Asker: 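Just passing along the structure, written as structure tokens.
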Amino acid sequence: QNGSEDRLRNMKVRLICSFVFLIPLMYISMGEMIGLPLPPFFLGHENAVSFSFLQFLLCLPILYVNRTYYISGFRRLAQRAPNMDSLIAIGSSAALCYGIYVIFKIGSALGAGDVQTVMQYHMELYFESAATILTLITLGKYFEERAKSRTGDAIAALMELAPQTAIVERNGSEYEI
């Protein structure tokens, strides 16, 4: 039971940390699409690198606290026995790697004065996708662990209701067992 409580507490910390960084990441990456104001130093194509790099930085803590998916997923993939963690690791890694590629592409285009390329890639970052995948999977696993913990508690409570002794009748005589 104590191990279950520790796992639940660990998942709760991971979940809270994930949401603490996911909320500002979503605001910065998607806020402008729904009319939320962004600070001026993130607006315009000339600020595309700082806009992109901040998203990357906000994504890193989420990746770190949820690194168990990468460890387990890539290990199982290397053993040629992929599981759900492998899918999570591959999907979030693809989004992360593409986002890093885009940062370099934007930086290179800005250095060359190629505004067209900057405009093309400016909003094609997927750091929020990598972070959202990890956060939502962690949320689901947290709910699953909490349900398991409650089920275990309910079974323990039922077992406590069982009587310690029973009276059995054999050959016309009663025995306490």
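For this chain, numbers begin at 1 and follow the sequence in order. Quick caveat: nothing in here was measured; it's all calculated off a predicted structure.
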Asker: Donor-acceptor pair, S72 side chain versus T68 backbone, under 3.5 Å?
Answerer: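 Between the backbone of T68 and the side chain of S72 there is no qualifying donor-acceptor contact (under 3.5 Å).
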
Asker: Mind checking ring-ring contact (aromatic ring centres under 6.0 Å, His included) for Y69 and listing every partner two or more places apart, or none if nothing turns up?
Answerer: none

Asker: Calculate, to the nearest 0.5 Å, the distance between atoms CZ and CD1 belonging to F74 and I88 respectively.
Answerer: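 F74 atom CZ to I88 atom CD1 measures 11.0 Å (nearest 0.5 Å).
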
Asker: Would you give the length of the straight line joining atom CZ of F19 to atom CD1 of I62, rounded to the nearest 0.5 angstrom?
Answerer: 9.5 Å

Asker: Report, one line per pair, each donor and acceptor closer than 3.5 Å where one atom sits in a side chain of residues 99-114; sequence neighbours left out.
Answerer:
| from | atom 1 | to | atom 2 | distance (Å) |
| --- | --- | --- | --- | --- |
| D114 | OD1 | Q116 | N | 3.4 |
| D114 | OD1 | T117 | N | 3.2 |
| D114 | OD1 | T117 | OG1 | 3.3 |
| D114 | OD2 | T117 | OG1 | 2.4 |

Asker: Side chains of L54 and L58, heavy atoms from C-beta outward: is any pair under 4.5 Å?
Answerer: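 The answer is yes, as the side chains (C-beta and beyond) meet within the 4.5 Å cut-off.
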
Asker: Shared ILVMFWY cluster between L125 and L63, side chains joined below 4.5 angstrom?
Answerer: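 Shared cluster, yes.
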
Asker: According to a hydrophobic-cluster definition based on side-chain heavy atoms being under 4.5 Å apart (Ile, Leu, Val, Met, Phe, Trp, Tyr only), do V49 and M123 belong together?
Answerer: yes

Asker: Roughly how far, to the nearest 0.5 Å, is CG of L96 from OG of S129?
Answerer: 11.0 Å

Asker: Under the rule for salt bridge (Lys or Arg N to Asp or Glu O under 4.0 Å), what residues qualify as partners of E145, not counting sequence neighbours?
Answerer: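 For E145, the residues satisfying salt bridge (Lys or Arg N to Asp or Glu O under 4.0 Å) (neighbours in sequence not counted) are R7.
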
Asker: Listed by chain and number, what are the side-chain hydrogen bond (donor to acceptor under 3.5 Å, both in side chains) partners of S86, not counting sequence neighbours?
Answerer: N83

Asker: Measuring from atom CZ of F143 to atom CG of L8, what distance do you get when rounded to the nearest 0.5 angstrom?
Answerer: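 Output value for this atom pair is 11.0 Å.
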
Asker: What residue pairs, at least two apart or across chains, pass side chain to side chain donor-acceptor pair (under 3.5 Å) with a residue in residues 44-59?
Answerer: none

Asker: Hey, could you give me the CZ/CZ distance between R14 and R67, rounded to the nearest 0.5 Å?
Answerer: 8.5 Å

Asker: So P82 and L87, do their side chains get closer than 4.5 Å, heavy atoms only?
Answerer: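 No - every pair of side-chain heavy atoms lies 4.5 Å or more apart.
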
Asker: Should we count CZ of R75 as having more than 12 external heavy atoms under 6.0 Å?
Answerer: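 Not buried by this count: 12 neighbours or fewer within 6.0 Å.
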
Asker: What donor-acceptor contacts under 3.5 angstrom involve side-chain atoms of residues 169-177, with partners at least two apart or in another chain?
Answerer:
none

Asker: Could you give all pairs that pass the salt bridge (Lys or Arg N to Asp or Glu O under 4.0 Å) test and reach residues 79-104, with sequence neighbours left out?
Answerer: D85-K141

Asker: Does anything in residues 129-139 form a salt bridge (Lys or Arg N to Asp or Glu O under 4.0 Å)? List the pairs, not counting sequence neighbours.
Answerer: none

Asker: Is L136 reachable from Y64 through a run of I, L, V, M, F, W or Y residues, each pair having side-chain heavy atoms under 4.5 Å apart?
Answerer: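 In one cluster: no.
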
Asker: Side-chain contact, heavy-atom cut-off 4.5 Å: C59 with F21?
Answerer: no

Asker: Flag yes if M11 and V65 sit in one hydrophobic cluster, no otherwise; membership is Ile, Leu, Val, Met, Phe, Trp, Tyr, and two members link when side-chain heavy atoms are under 4.5 Å apart.
Answerer: no

Asker: Applying ring-ring contact (aromatic ring centres under 6.0 Å, His included), can you list everything that pairs with Y126, at least two apart in sequence or on another chain?
Answerer: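 Applying ring-ring contact (aromatic ring centres under 6.0 Å, His included) to Y126 gives Y98.
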
Asker: Can you list every salt bridge (Lys or Arg N to Asp or Glu O under 4.0 Å) pair that touches residues 86-100, not counting sequence neighbours?
Answerer: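 Listed by first then second residue: nothing to list.
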
Asker: Donor-acceptor pairs under 3.5 Å, side chain of residues 24-43 to any protein atom, not counting sequence neighbours: which ones?
Answerer:
| from | atom 1 | to | atom 2 | distance (Å) |
| --- | --- | --- | --- | --- |
| Y27 | OH | P37 | O | 2.2 |
| S29 | OG | L25 | O | 2.9 |

Asker: Could you see if L57 belongs to whatever hydrophobic cluster contains F127? Use Ile, Leu, Val, Met, Phe, Trp, Tyr and a side-chain cutoff under 4.5 Å.
Answerer: yes

Asker: Residues in side-chain hydrogen bond (donor to acceptor under 3.5 Å, both in side chains) with S18, at least two apart?
Answerer: N66

Asker: Kindly compute the distance separating CG (L15) from OG1 (T138), expressed to the nearest 0.5 Å.
Answerer: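 One gets 6.5 Å once the value is rounded to the nearest 0.5 Å.
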
